[in-house]
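A short write-up of the structure that comes next.
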Amino acid sequence: MLTTKPRGTNDIIPGEVEKWQYIEDVIRDVCRIYGYREIRTPVFEHTELFKRGVGETTDIVEKEMYTFKDRGDRSITLRPEGTASVVRAYLENNLHAGPQPVKLYYIGPMFRYDRPQAGRYRQFHQFGVEVLGAHSAGIDAEVMAMAMEVYRRLGLKDLELHINSLGCPECRPKFRSSLQEFFRPRLEEFCPTCQDRFERNPLRILDCKNKKCRQLAAGAPAILDCLCDRCAAFFEEVKRHLEELGIDYIVDKNLVRGLDYYTHTAFEVMAKGIGAQSSVGGGGRYNGLVEACGGKDTPGIGYALGLERILLAMEQQGVEFPPPWRPDVFVVTASPQAEYAAFKLLAELRNLGYRADKDYNGRSLKAQMKYAGKLNARYTVIIGENELENGTAVVKDMITGEQREITREKIPEIIGR
RNA sequence: GUGGAUAUAGCUCAGUUGGUCAGAGCGCCAGAUUGUGGCUCUGGAGGCCGUGGGUUCGAGUCCCAUUAUCCACCCCA
């Protein structure tokens, strides 16, 4: 127990963490270019926020939240996703009082009590963006374009962008009831889950993975056929914007986001070959959410991707990562008397900005060289009794094996930069 | 929450139908005549064979439970 991490969590250790840093760097670059600014919210919130913001009927709220009472008897929940917190922060910090829209992004850990499997963990990491205070097809397309740009820069290929429209509070209820009419005659034949969904959330029956349900739902009315004129026009505009950018998409009428807050655009990005959990990101418009959280009627759209899944996909596709860390210089002592001189030289090299290191385990010269080789040091600088007397050092190129004795001030001339 | 598979040194794994079965490779540490890495050779450290019961004269090797991991369902990132 003492040496075992909690189920579904992961250590990201040196060698691995560099990949994460690389991905995060790419993400932050894209955010800068697109005008999104970072927001950091607490990893835990009042439970009520997620119940409201994510939806009482969702699996997340019903069975996946890490909820506990703190010492003040408040119900606290580790965030299962990012949108609710961002909306809360938008309201609490009066970001709606500034210029609109507000374009935000976040990167950080999320928590869901789920059974772990490939690409799914109890603590996982998401990058997400939220745009509050804008309702236009252009911004919807921008969010999707930005997501695709992140994937592109990371070198991911063969991704599919699925899009759909969920309508608005005007046309959704009509669609909902026509769906129910369609399902009602053969309701008993659906899986228990879908029967349960029938009243609470008939839209979700559309993306049930159960074969039988899929067959039964085959001829179901499509939301796209039930959209009101304004919603239909908006969806066309979104598609037109994507086309202008040359972004391929697949209209997927079975793509749904279950909650009432979700409106209009919904999208999801799929990757093959990373296991059953093939979604590497998804998002959509939520024009009802801010109001549901106690604010004024404010349009919003967001998107999130899972860093673990991105990493899986990158590794599966054989994407090259930047080379790992290595010292520029490794300072070696050829005699115990040289210890202080070596220690001081090390400090000087670091002051000059070199990635420099030395041995601290009292190793022999040979072992120090071996160690430097293991660390993949570019150069070694050796100081022994001779060099102490002469005020010099031996600089050795660890790739060519060449070495020469020079005065210590000239070391930068040899090793460059 | 449901189902399947797996659990032997830091890592990847061997261990036959229960009776020297506690091993190999890699990694780690140290040497190969006294100031030098990457190749080679030699040696060393390191395992309560996931944990707890049971069967047996005797169990990594069979049975049960438990925990963890992996994969899938559900759902999602």
Side-chain angles (χ1 to χ4, degrees), chain A residues 1 3-10 13 54 57-64 79-83 107-128 147 191-194 196-197 201 204 207-211 213 255-258 268-271 274-283 302-313 330 332-338 359 361-388 393-403 405:
Chain A
M1 225 32 187
T3 53
T4 310
K5 60 189 181 330
R7 180 161 213 201
T9 62
N10 287 110
I13 59 179
V54 180
T57 64
T58 57
D59 279 11
I60 290 178
V61 169
E62 283 184 342
K63 52 186 200 190
E64 294 175 5
R79 64 182 183 192
E81 57 97 51
T83 304
I107 302 181
M110 305 293 165
F111 307 85
R112 290 184 203 172
Y113 191 88
D114 222 346
R115 191 106 171 239
Q117 72 183 73
R120 194 174 69 191
Y121 309 96
R122 289 185 173 178
Q123 175 175 338
F124 61 102
H125 298 78
Q126 282 189 337
F127 152 66
C191 71
T193 316
C194 281
D196 188 47
R197 287 165 172 154
N201 202 338
R204 290 217 66 88
D207 69 347
C208 183
K209 309 297 187 294
N210 186 301
K211 273 184 191 165
C213 295
L255 178 62
V256 280
R257 300 269 114 136
E268 190 164 348
V269 182
M270 319 286 276
I274 60 170
Q277 310 303 321
S278 60
S279 169
V280 291
Y303 163 81
L305 65 77
L307 297 187
E308 282 83 356
R309 289 188 189 173
I310 294 294
L311 195 53
L312 270 180
F330 192 88
V332 170
T333 53
S335 144
Q337 284 79 354
D359 167 66
N361 282 13
R363 280 182 242 250
S364 67
L365 170 60
K366 193 183 180 93
Q368 289 179 66
M369 292 305 292
K370 209 170 192 172
Y371 181 49
K374 293 254 175 60
L375 293 181
N376 202 17
R378 182 67 185 76
Y379 292 93
T380 46
V381 174
I382 306 164
I383 301 181
E385 288 182 49
N386 298 340
E387 292 75 15
L388 267 185
V394 171
V395 177
K396 175 166 185 173
D397 184 322
M398 294 296 274
I399 293 174
T400 64
E402 291 166 15
Q403 63 180 53
E405 182 173 347

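Keep in mind that what you see is a predicted model, and the values were worked out from it rather than measured. In what follows, every heavy atom counts, from backbone to side chain, and hydrogens, waters and symmetry copies are set aside. Labels below follow one simple rule: chain letters A, B, ... track the order of the sequence lines, proteins then strands, and each chain is numbered from 1.
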Complement of [N], any strand, by Watson-Crick or G-U distances under 3.5 angstrom:
{"N": "C76(B)", "value": "none"}
{"N": "U69(B)", "value": "A5(B)"}
{"N": "C21(B)", "value": "none"}
{"N": "C41(B)", "value": "G31(B)"}
{"N": "G60(B)", "value": "none"}
{"N": "G10(B)", "value": "C26(B)"}
{"N": "U55(B)", "value": "none"}

Is [X] touching bases, backbone alone, or none of the nucleic acid, heavy atoms closer than 4.0 Å?
{"X": "V280(A)", "answer": "sugar-phosphate"}
{"X": "G8(A)", "answer": "sugar-phosphate"}
{"X": "G128(A)", "answer": "nothing"}
{"X": "A372(A)", "answer": "nothing"}
{"X": "F127(A)", "answer": "nothing"}

Which atoms form the tightest heavy-atom contact between E385(A) and S335(A), and what is the distance?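 Shortest heavy-atom contact: CG-OG, 3.5 Å.
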Determine the interatomic distance between [atom1] on [N] and the same-named atom on [M]; round to the nearest Å.
{"N": "U69(B)", "M": "C11(B)", "atom1": "C1'", "answer": "16 Å"}
{"N": "U20(B)", "M": "U67(B)", "atom1": "P", "answer": "34 Å"}
{"N": "A7(B)", "M": "G54(B)", "atom1": "P", "answer": "23 Å"}
{"N": "U16(B)", "M": "U8(B)", "atom1": "P", "answer": "15 Å"}
{"N": "A72(B)", "M": "C57(B)", "atom1": "C1'", "answer": "45 Å"}
{"N": "C39(B)", "M": "A30(B)", "atom1": "P", "answer": "16 Å"}
{"N": "G25(B)", "M": "G43(B)", "atom1": "P", "answer": "11 Å"}
{"N": "C49(B)", "M": "A14(B)", "atom1": "C1'", "answer": "13 Å"}

5'-most by nearest nucleotide on RNA chain B - T9(A) or K63(A):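 That would be T9(A).
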Quick check on RNA chain B: between S279(A) and P116(A), whose nearest nucleotide comes earlier from the 5' end?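 Its nucleotide being nearer the 5' end, the pick is P116(A).
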Hey, does E64(A) have a side-chain heavy atom less than 4.5 Å from the side chain of E62(A)?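 E62(A) does not reach E64(A) side chain to side chain.
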Could you check how far [atom1] of [X] sits from [atom2] of [N], rounded to whole Å?
{"X": "D114(A)", "N": "G3(B)", "atom1": "CG", "atom2": "C1'", "answer": "15 Å"}
{"X": "E268(A)", "N": "C76(B)", "atom1": "CD", "atom2": "C1'", "answer": "8 Å"}
{"X": "M270(A)", "N": "C76(B)", "atom1": "CE", "atom2": "P", "answer": "12 Å"}
{"X": "Q117(A)", "N": "C70(B)", "atom1": "CD", "atom2": "P", "answer": "10 Å"}

Which nucleotide, U69(B), A77(B), C74(B), lies nearest any side-chain atom of D59(A)?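 My answer, after comparing the listed nucleotides, is C74(B).
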Report yes or no: is there a donor-acceptor pair, N or O only, under 3.5 Å between the side chain of R115(A) and the base of U2(B)?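 Answer is yes: a donor-acceptor pair is held.
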So, under a plain 3.5 Å distance rule, would you say the side chain of R120(A) forms a donor-acceptor pair with the base of C71(B)?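 Looking at the base of C71(B), it does not pair with any donor or acceptor on the side chain of R120(A) (distance under 3.5 Å).
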Determine if the base of G60(B) is syn or anti; take syn to mean the glycosidic torsion is within 90° of 0.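 Syn conformation for G60(B).
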Once base and sugar-phosphate atoms are separated, protein heavy atoms under 4.0 Å mark nucleotides 30-46 of chain B, 5' to 3', with B, S and - as S----BBBB--------
A quick test of your reading: do over 12 heavy atoms of other residues, nucleotides or ligands sit less than 6.0 Å from CD1 of I13(A)?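 It does not: I13(A) CD1 has 12 such atoms or fewer within range.
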